[in-house]
Amino acid sequence: MTQADLSHALLTSDFYSFQDLLTPDENAHVMEIREFLERELRPIADDYWDRAEFPMHLIPEVGRLGMLGPVWPETQRFENSALYRGWVALELARVDPGFATFVGVQNGLTMGAIGVGGSPEQRAQWLPPMATGEVIGGFGLTEPLSGSDTARGLRTTAHRTGDTWVLNGAKRWIGNATFAHVVVIWARDTADDQVKGFLVRRGTPGFTATKIERKQALRTVQNADILLDGVEVAEADRLPNIRSFKDVAVVLRLTRAEVAWQAVGVAVGAYEATVRYALEREQFGKPIASFQLVQDRLARCLGNITASIAMCVRVSQLLDEDRQGDEHSALAKAYTTQTMRETVALCRETLGGNGIQLDHGVARYMADAEAVYSFEGTHDMNNLIVGRAITGIAAFV
């Protein structure tokens with residue numbers, strides 16, 4: 001891709017041209033993904049969100065474009081950076097935060113758990129078909145009574161008898177779980193009280209996934225309540241490199257930074273829709289984009305987006321340099337989701353009453369932002385992780 005091509009490719013919301021930092025190969029793939037999202041996903045995103053359904057027919061194309069498994073040698077289409085992977089998360093969320101969440105669950109959490117915790121045999125068995133989208137995965141960590149305190153509050157148990165583990169408990173808010181072929185279930189070993197990971201296949205007796213209804217954010221995402229009632233799992237389906245919650249935290253650290261990128265994408269999507277609206281909507285005989293108050297809001301939105309991209313760029317670079325810590329990804333997630341929330345509110349305000357209707361391109365982002373703000377660690381918990389790094393004192397148990 002030439003410099004002229006790249007200049008044309010930059011998003012108008014990329015005010016400081018951060019996309020220039022991607023390699024030519026990475027940029028070419030970003031443009032291929034962007035074209036697919038604009039052509040295939042954007043025209044249907046509002047309708048699927050309104051019906052609380054997921055566009056299953058797009059999954060094979062997601063696999064073909066290499067959006068699943070780009071970090072693992074077994075599945076990556078080409079050598080790429082964490083910056084590239086973060087930018088892809090931005091592109092996805094810019095069009096549909098729900099679709100971005102599906103990719104994050106499949107790619108970052110489930111494949112990440114197998115990539116970090118799995119044996120060579122498990123990686124060979126699961127990662128390639130998950131990268132094509134032939135096999136869909138879920139990540140069962142959060143529970144009905146345990147969210148922020150999962151490190152110590154996990155109630156799902158695993159009891160070993162010979163070469164078989166028996167799982168009992170419940171999970172909540174598990175993305176993809178209603179149609180996943182396999183779900184990584186995190187459970188506390190009754191023998192040593194440590195958290196371990198298990199690959200539970202769909203259809204296993206005692207495993208039930210029930211769709212969570214009446215959601216008002218990320219409606220496209222098929223979240224489920226999971227019941228585990230005497231579910232038997234072979235020792236061969238335990239992730240051998242997960243020995244405690246510290247190992248689970250490695251997976252979460254890798255994905256938290258990409259959720260920060262996703263938050264930027266949500267803000268970008270709302271901002272771009274608002275700019276289009278402001279240029280088209282006329283009041284008092286001229287476009288509202290000509291009014292000072294509207295321009296002030298747009299400038300504030302762009303400032304939030306630019307600062308958030310800058311933070312995400314650096315946290316991704318630290319990951320590539322193997323220098324990223326929990327506190328770095330936590331600060332990125334906390335800051336970008338906070339500014340995302342402010343940005344989508346400014347966008348809705350600019351649209352007035354039309355800001356609450358799907359047809360004008362902002363309402364879906366504003367609703368979805370609330371879920372992105374809360375998952376992968378709440379704002380408060382991420383700030384406390386940063387606070388621990390600042391003071392050396394943990395303010396949570």
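This structure is a prediction, so every number in the text was calculated from the model and none was measured. All residue numbers in this chain count up from 1 along the given sequence.
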Keeping [X] on the side-chain end and [Y] on the backbone end, is there a donor-acceptor pair under 3.5 Å?
| X | Y | result |
| --- | --- | --- |
| Lys333 | Thr336 | no |
| Glu74 | Arg123 | no |
| Thr378 | Ser374 | no |
| Asp225 | Ala170 | no |
| Arg188 | Val195 | no |
| Arg314 | Ala310 | no |
| Asp247 | Arg243 | yes |
| Gln122 | Gly115 | no |

Considering only heavy atoms from C-beta outward, does the side chain of [X] approach that of [Y] to under 4.5 Å?
| X | Y | answer |
| --- | --- | --- |
| Phe375 | Gln262 | yes |
| Val183 | Lys171 | no |
| Phe207 | Arg202 | no |
| Arg201 | Asp237 | yes |
| Arg77 | His29 | yes |
| Met130 | Thr75 | no |
| Pro97 | Tyr365 | yes |
| Tyr277 | Thr350 | no |

Please determine, by modelled atom types, if [X] and [Y] share a side-chain donor-acceptor pair under 3.5 angstrom.
| X | Y | answer |
| --- | --- | --- |
| Ser308 | Trp261 | no |
| Asn168 | Thr157 | no |
| Glu53 | Thr220 | no |
| Trp49 | Asp368 | yes |
| Glu143 | Thr156 | yes |
| Asn382 | Arg256 | yes |
| Gln106 | Asn176 | no |
| Trp72 | Gln76 | no |
| Gln338 | Arg341 | no |
| Glu235 | Trp165 | yes |

Parallel, tilted or perpendicular: ring planes of Tyr373 versus His379, cut at 30 and 60 degrees: parallel
Determine, for [X] against [Y], whether the closest basic-nitrogen to carboxylate-oxygen distance falls under 4.0 angstrom.
| X | Y | result |
| --- | --- | --- |
| Arg34 | Glu38 | no |
| Glu327 | Arg388 | no |
| Asp192 | Lys196 | yes |
| Arg160 | Asp163 | yes |
| Arg364 | Asp96 | yes |

More than 12 heavy atoms of other residues, nucleotides or ligands under 6.0 Å from [atom1] of [X]: is that the case?
| X | atom1 | result |
| --- | --- | --- |
| Lys211 | NZ | yes |
| Ile44 | CD1 | yes |
| Phe15 | CZ | no |
| Glu321 | CD | yes |

Derivation and outcome, side-chain contact (heavy atoms from CB on, under 4.5 Å), residues Phe198 and Val184: CA-CA 5 Å; Phe198 302 87; Val184 178; over 6 Å; no
Evaluation steps, side-chain hydrogen bond (donor to acceptor under 3.5 Å, both in side chains), between Ser81 and Glu26: CA-CA 8 Å; Ser81 65; Glu26 290 174 337; 2.8 Å; yes
Trace of the side-chain contact (heavy atoms from CB on, under 4.5 Å) decision for Glu32 with Arg64: CA-CA 11 Å; Glu32 187 180 10; Arg64 185 190 71 78; 3.8 Å; yes
How close do [X] and [Y] get, heavy atom to heavy atom, and via which atoms?
| X | Y | result |
| --- | --- | --- |
| Phe36 | Val62 | CE2-CG2, 4.3 Å |
| Pro55 | Leu41 | CG-CD1, 4.3 Å |
| Leu141 | Leu252 | CD2-CD1, 4.1 Å |
| Val266 | Ala93 | N-CB, 3.9 Å |
| Glu272 | Leu11 | OE2-CD2, 4.0 Å |
| Gly361 | Ala273 | O-CB, 3.3 Å |

Between [atom1] on residue [X] and [atom2] on residue [Y], distance to nearest 0.5 Å:
| X | Y | atom1 | atom2 | result |
| --- | --- | --- | --- | --- |
| Leu351 | Ile288 | CG | CD1 | 6.5 Å |
| Ser13 | Leu90 | OG | CG | 7.0 Å |
| His328 | Ile385 | NE2 | CD1 | 12.5 Å |

Answer with yes or no whether the hydrophobic clustering places [X] together with [Y]; edges join I, L, V, M, F, W, Y residues whose side-chain heavy atoms lie under 4.5 Å apart.
| X | Y | value |
| --- | --- | --- |
| Val372 | Val88 | no |
| Met111 | Ile59 | yes |
| Leu167 | Ile174 | yes |
| Trp173 | Val248 | no |
| Met56 | Val135 | yes |

Residues Tyr16, Val313; criterion side-chain contact (heavy atoms from CB on, under 4.5 Å); working and verdict: CA-CA 12 Å; Tyr16 284 5; Val313 164; over 6 Å; no
Test of ring centre spacing under 6.0 Å for Phe54 and Phe99: yes
Centroid separation Phe18 to Trp87 less than 6.0 Å: no
Stepwise salt bridge (charged side-chain N to carboxylate O under 4.0 Å, His left out) check, Lys286 with Glu282: CA-CA 5 Å; Lys286 52 186 167 181; Glu282 291 191 1; over 6 Å; no
Cation-pi geometry met for Arg51 and Tyr48 (6.0 Å, 45°): yes
Audit row: Val116, Asn241, side-chain contact (heavy atoms from CB on, under 4.5 Å) steps and yes/no: CA-CA 7 Å; Val116 170; Asn241 296 321; over 6 Å; no
